[in-house]
Amino acid sequence: MKNPEGPSSFYERVKQIIKQIPYGKVATYGQIAFYAGSSRAARQVAWVLHSSSERDNLPWHRVINGKGKISLKPSLGYELQRSLLEAEGIVFDEAAQVDLNRYGFRMHKPV
DNA sequence: AACCTGACTTCGG
DNA sequence: TCCGAAGCCAGGT
């Protein structure tokens, strides 16, 4: 990981946005990318999380894919993320999906 | 410098 | 409605 250039970099904006996801809510990769200024950089959002979620204490578990499902694979973090979300009151249906209409995060102020 | 890879998204069959 | 292929941006090799 390189040094983040500054607060205006995509990298920094993504982190700021993720930090703003409130307890009990979730956001999708594409949505975060959109708020960060690059609606097509969903994969980079995932990359930011993977590279510095631990270091910067980001609520990485509140980020899921556009289908409302967890992207991690079983035994590679899936169980952990799901339990963290359930601990916040988020419910998964039989298809292991969450209701984005209900739990989806909506930003109030642009970053 | 070129090619591969990824915690994604979207479109077409 | 479900599945596969293509598109995208960046870092790693």
Side-chain angles (χ1 to χ4, degrees):
Chain A
M1 195 38 233
K2 284 176 190 157
N3 278 335
E5 311 80 58
S8 59
S9 68
F10 175 77
Y11 180 89
E12 286 297 324
R13 288 198 299 273
V14 167
K15 290 200 298 188
Q16 288 305 310
I17 293 166
I18 293 173
K19 286 179 184 172
Q20 289 177 43
I21 304 175
Y23 180 97
K25 295 286 184 176
V26 297
T28 68
Y29 299 93
Q31 178 183 19
I32 292 170
F34 174 78
Y35 284 131
S38 293
S39 58
R40 289 161 198 162
R43 306 193 75 152
Q44 281 49 254
V45 173
W47 175 81
V48 171
L49 259 59
H50 194 276
S51 65
S52 61
S53 59
E54 181 80 11
R55 194 190 71 194
D56 294 308
N57 299 312
L58 300 177
W60 62 272
H61 56 283
R62 295 180 189 143
V63 183
I64 60 181
N65 67 31
K67 303 187 201 70
K69 305 200 322 193
I70 291 174
S71 292
L72 294 175
K73 292 170 185 172
S75 78
L76 291 179
Y78 173 88
E79 294 86 351
L80 172 61
Q81 181 168 16
R82 175 160 177 165
S83 61
L84 285 169
L85 291 176
E86 292 181 322
E88 297 190 355
I90 293 175
V91 178
F92 289 76
D93 66 15
E94 296 181 357
Q97 298 182 173
V98 305
D99 183 350
L100 288 176
N101 270 328
R102 178 175 175 182
Y103 302 112
F105 167 52
R106 296 201 175 179
M107 187 149 317
H108 297 301
K109 51 184 176 181
V111 180

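Chain naming here is simple, since letters A, B, ... match the order of the sequence lines and numbering starts at 1 in each.
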Specify the separation, in whole Å, of atom [atom1] of [X] and atom [atom2] of [N].
X        : N      : atom1 : atom2 : answer
A:Phe34  : C:dC8  : CZ    : C1'   : 17 Å
A:Arg40  : C:dA10 : CZ    : P     : 13 Å
A:Leu49  : B:dC8  : CG    : P     : 11 Å
A:Lys67  : B:dC11 : NZ    : P     : 13 Å
A:Tyr29  : B:dA7  : OH    : C1'   : 4 Å
A:Arg43  : B:dA7  : CZ    : C1'   : 10 Å
A:Leu100 : B:dC8  : CG    : C1'   : 14 Å
A:Lys73  : B:dT5  : NZ    : C1'   : 11 Å

Please check this pair: side chain of A:Ser53 against backbone of A:His50, looking for a donor-acceptor N/O pair closer than 3.5 Å. no
### Task
For the pair A:Asp99 (side chain) and A:Asn101 (backbone), establish whether a donor and an acceptor sit closer than 3.5 Å, ignoring hydrogens and angles.
yes
With a 4.0 Å cut-off, would you call A:Glu88 and A:Arg62 a salt bridge? yes
Side-chain contact check for A:Ser53: nearest option of C:dG11, B:dA7, B:dT9 is B:dA7
Ranking B:dA7, C:dC8, B:dT9 by distance to the side chain of A:Thr28, first place goes to B:dT9
query: Between the side-chain atoms of A:Tyr78 and the base atoms of B:dA7, is any donor-acceptor pair under 3.5 Å?
result: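 Checked by distance alone, the answer is no.
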(message) Using the side chain to side chain contact (heavy atoms under 4.5 Å, CB included) definition, which of the options A:Ile70, A:Ile21, A:Thr28, A:Val14 pairs with A:Val63?
(response)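 With A:Val63 as partner, side chain to side chain contact (heavy atoms under 4.5 Å, CB included) holds for just one option, A:Ile21.
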_The test is side chain to side chain donor-acceptor pair (under 3.5 Å); show your working for A:Ser71 and A:Tyr78 and say whether it passes._
CA-CA 7 Å; A:Ser71 292; A:Tyr78 173 88; over 6 Å; no
Is A:Arg82 positioned over the aromatic face of A:Phe92, cation under 6.0 angstrom from the ring centre and no more than 45 degrees off axis?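 The answer is yes, since A:Arg82 meets both limits relative to A:Phe92.
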Per the under-4.0 Å heavy-atom filter, residues of residues 84-98 of chain A near DNA chain B come out as none
- Task: Could you walk me through whether A:Phe105 and A:Val26 pass the side-chain contact (heavy atoms from CB on, under 4.5 Å) test, one step at a time?
- Result: CA-CA 5 Å; A:Phe105 167 52; A:Val26 297; over 6 Å; no
